[in-house]
Amino acid sequence: MATGYLRHFQACNTHDLSKFAPFFIGPVQYGWIPEPLASDLLGNMDMFDAHQNGLRLASRFDDFITRSQALATAASWLATKTGRPLRNEMYPIVSAWGDEPLAQIDRAAVPLFGVRGFGVHVNGFVRKADGIHLWIGERAHDRQVDPGKLDNFIGGGQPIGLSIEDNLCKEAKEEAGIDASLAKTAKRTRDIRYMIERTSGLRNDTLFIFDMELPEGHTPKNTDGEVAAFHLMPIAEVAKIVHDTDRFKFNCNLVIIDFLIRHGFLTEKDGEFSAIKAFLEKPSA
């Protein structure tokens, strides 16, 4: 097995866009659809037109409601075709975070359309006499993505209609039993953007990263069934797992490596440092 930190950034930015058809709403491209599915959509669904070697939502869908209804029909059809059930959680379709959404789409269809996805990830840490320890989640074995793998302390997708901070509080309560008063002490640190080709489609994601310092003796408790267990690990142990293995959910490695840099565990002395910084400093909006 390959080792190192940089490989996780390389893996999360591996894709071949020649295998995808551009997806447009009006004159603007919003995503990338796998070529076979794009052809199927054009051949079977009358809400799309061929456009610039890709497909475009038909112009008769000209407001948020009608666009969302058309995409809901397409998402339902794709769920049946691909065998990937809908999540019944809606994401905004935007070019950049903060834009007015043109439509909403089911979370399961986001990678199928290759549209921008967003999420919050939190490093939960404790300062002890022997140094920093990180709370690490262990994903339940019924998760659709990376079941049973290790995870960040808190993480979740960014649904439409919630601010980043409100979503952080929601996920903190659901995943770790953290009350809003403690969740609001989390400090936003960086946004990380990546584009990775997976069996589910194209993950075109931005993660909003937070650090949450927890008091020694505080034990998190999952309330929504997504986390099988929590483990409090010394930072060096977490770093070794990330460096030497693939035990973490694919994108969680990036969040932890950024934490290692910001807290002085990974420095310029590491041969991969400059290349990692270049990935971290890519524009994320």
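We use all heavy atoms of the structure for the numbers below, so side chains are in, but hydrogens, waters and symmetry mates are not.
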Does the pair [X]/[Y] count as a salt bridge with the N-to-O cut at 4.0 Å?
X: Glu213; Y: Arg127; result: yes
X: Glu165; Y: Lys184; result: no
X: Glu197; Y: Lys19; result: yes
X: Lys249; Y: Asp151; result: no
X: Asp191; Y: Lys282; result: no
X: Asp166; Y: Lys170; result: no
X: Asp130; Y: Lys128; result: no

inquiry  = I need the Ile209 CD1 to Thr206 OG1 distance, nearest 0.5 Å.
reply    =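 Going from CD1 on Ile209 over to OG1 on Thr206, the span is 9.5 Å.
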
Can you give me the closest heavy-atom contact between [X] and [Y], atom names plus distance?
X: Asp49; Y: Leu42; value: C-CD2, 3.5 Å
X: Gly26; Y: Arg56; value: O-CD, 3.1 Å
X: Gly225; Y: Ala140; value: O-CB, 3.3 Å
X: Pro22; Y: Gln52; value: CG-O, 3.7 Å
X: Asn152; Y: His121; value: OD1-ND1, 2.7 Å

message = Can you confirm if the NZ or CZ of Arg193 lies within 45° of the ring axis of Phe279 and under 6.0 Å from the centre of its six-membered ring?
response =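 Geometry flag: not set, cation outside 6.0 Å or 45°.
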
Cut-off 3.5 Å, side chains only: do [X] and [Y] have a donor facing an acceptor?
X: Asn167; Y: Gln158; value: yes
X: Ser95; Y: Arg116; value: no
X: Asn251; Y: His8; value: no
X: Asp179; Y: Ser181; value: no
X: Thr199; Y: Arg84; value: yes

query = Under the side-chain contact (heavy atoms from CB on, under 4.5 Å) criterion, do Ile241 and Leu150 qualify, and how do the steps go?
reply = CA-CA 10 Å; Ile241 293 171; Leu150 299 180; 4.2 Å; yes

inquiry  = Using ring-ring contact (aromatic ring centres under 6.0 Å, His included), reason through Phe208 and Trp97 one step at a time and then give a plain yes or no.
reply    = CA-CA 11 Å; Phe208 305 124; Trp97 181 254; 5.4 Å; yes

Trace of the side-chain contact (heavy atoms from CB on, under 4.5 Å) decision for Phe23 with Val115 = CA-CA 8 Å; Phe23 167 60; Val115 294; 4.2 Å; yes

Could you check whether any side-chain N or O of [X] sits under 3.5 Å from a backbone N or O of [Y], counting only pairs where one atom can act as donor and the other as acceptor?
X: His243; Y: Thr3; value: no
X: Asn44; Y: Asp40; value: yes
X: Thr223; Y: Glu174; value: yes
X: Glu272; Y: Tyr5; value: yes
X: Thr185; Y: Leu182; value: yes
X: Asp99; Y: Ala96; value: yes
X: Asn13; Y: Phe9; value: yes

message = Would you say the ring centers of Phe259 and Phe125 fall short of 6.0 Å from each other?
response =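 Close enough - the centres of the two rings lie under 6.0 Å apart.
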
